[in-house]
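The structure appears below as structure tokens.
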Protein chains: 2
Amino acid sequence: MIVLEVMHMIKNMDKKYNGITTYKIGEVARRADVNKETVQYYEKRKLIPKTDRRRSGYRIFTQRHIDQIKFIKRAQQLGFTLTEIKELLELRLDEETSCSEIKEEAQQKYQDVSEKIDDLLRIKETLTGLIDSCSEDGTIGDCPILEALEGKNKTGKQLRK
Amino acid sequence: MIVLEVMHMIKNMDKKYNGITTYKIGEVARRADVNKETVQYYEKRKLIPKTDRRRSGYRIFTQRHIDQIKFIKRAQQLGFTLTEIKELLELRLDEETSCSEIKEEAQQKYQDVSEKIDDLLRIKETLTGLIDSCSEDGTIGDCPILEALEGKNKTGKQLRK
DNA sequence: TTTGACTCTCGACCATGGTACAGGGCTTAT
DNA sequence: ATAAGCCCTGTACCATGGTCGAGAGTCAAA
């Protein structure tokens, strides 16, 4: 059974460009757990590197594409928009971008991420409290989660727009 | 100048029900930094407690409503959908819900939140690395953020749906 | 060499989370 | 008592992030 599956997976891989394993869109979608259309959509939005094509027009994907799509999916669950995710993915040092540019960008993102972590830690604590208080006496009438993010109005600044 | 603003804020508060300060929708929207329509939308979706009404039909809000709206906004930035946020807000112990019910729910949420925190910590580390490497030698060609969430395929289970 | 499964493009459609009126009724300072 | 400025309901519209289908071409195992 498992052998058949593995064979199927191998079947769906093409060894093409100098020993690098490549994939067609269906296999990429399956491996990244998204629809084909989503892959195409991400390509259009330039969230994944532009694919090479075979003479037929079929897109040629690599493991890199799969990893990047998985990253995008995770980042979305963390509250980043596709636009923000694009910015994150473009954060790199190369001959085009200067150090100070990158540094500023990265430091801004670092701030955002830190604040998200803090918020989530507060929620986590509240949940712990809730779970613990279950082992105790009786009922808590009000909404305990509400206080989780209170009293930390973060300098009045908005994270988004 | 500030005095005028404070007076304006006081003007927009009604002391109504046994000494509790109440607000009209415009003031709530201003204080929670959303549109009036959003407040109405949240009421329709039962994300905030049903408001009392004056004889005129005007909604009567309290500080509780404002806090809850702020919570909703923050939770959204952390990647929770409105449906998930509703579940979070309903997590409480009262005469209606049994301890074991709550506990199970809360433990599931705890899991989700912990995973989000882990992911964000990984991203944060990557950003630190990026910022630090700026002070050093030259250029890094590839996309450093991509590895951030790799190699932790969390037991194949999906967070959402 | 055929045939079933796959791929292409492109345009329409969908769900979520709002946002914007229109037409009418309150409220309140003057 | 009146006008500016609120609030009400309801419906239509919007942006984001997909999702679906038609019509036509490609691939590969038998």
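Reminder, nothing fancy here: chain letters follow the sequence lines and each chain counts from 1.
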Can you tell me if the side-chain N/O atoms of [X] get under 4.0 Å from OP1 or OP2 in [N]?
X       : N      : result
B:Arg53 : C:dG25 : no
A:Arg55 : C:dT7  : no
B:Ser56 : C:dG25 : no
A:Gln76 : D:dT16 : no
B:Lys73 : C:dG17 : no
A:Thr38 : D:dT19 : yes
A:Arg59 : C:dC8  : yes

Within the distance-only criterion (no hydrogens, no angle test), does the side chain of B:Gln77 pair as donor or acceptor with the backbone N or O of A:Lys116 below 3.5 angstrom?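 Not at all, since once roles are kept as given, no pair shorter than 3.5 Å links the two residues.
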A:Ile85 atom CD1 is separated from D:dG18 atom C1', nearest whole Å, by 13 Å
Between atom CZ in B:Phe80 and atom C1' in C:dT16, what is the gap in whole Å?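 In whole Å, C:dT16 C1' lies 17 Å from B:Phe80 CZ.
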Should we count CD of B:Glu104 as having more than 12 external heavy atoms under 6.0 Å?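 It does not: B:Glu104 CD has 12 such atoms or fewer within range.
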Flag the pair A:Arg30 and A:Glu27 as a salt bridge only when some basic side-chain nitrogen lies within less than 4.0 angstrom of an acidic carboxylate oxygen. yes
Under 4.5 Å between side-chain heavy atoms, hopping through other hydrophobics if needed: is there a path connecting B:Ile72 to B:Tyr41? yes
Nearest nucleotide by nearest heavy atom, which residue falls closer to the 5' end of DNA chain D, A:Gly57 or A:Glu37?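 Between the two, 5'-proximity favours A:Glu37.
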So which of residues 39-47 of chain B are in contact with DNA chain C, with a heavy-atom cut-off of under 4.0 Å? B:Tyr41, B:Tyr42, B:Arg45
Any N/O pairs under 3.5 Å between the protein and nucleotides 3-6 of chain D? List them or say none.
unit_1	atom_1	unit_2	atom_2	d
D:dC6	O2	B:Tyr58	OH	3.0

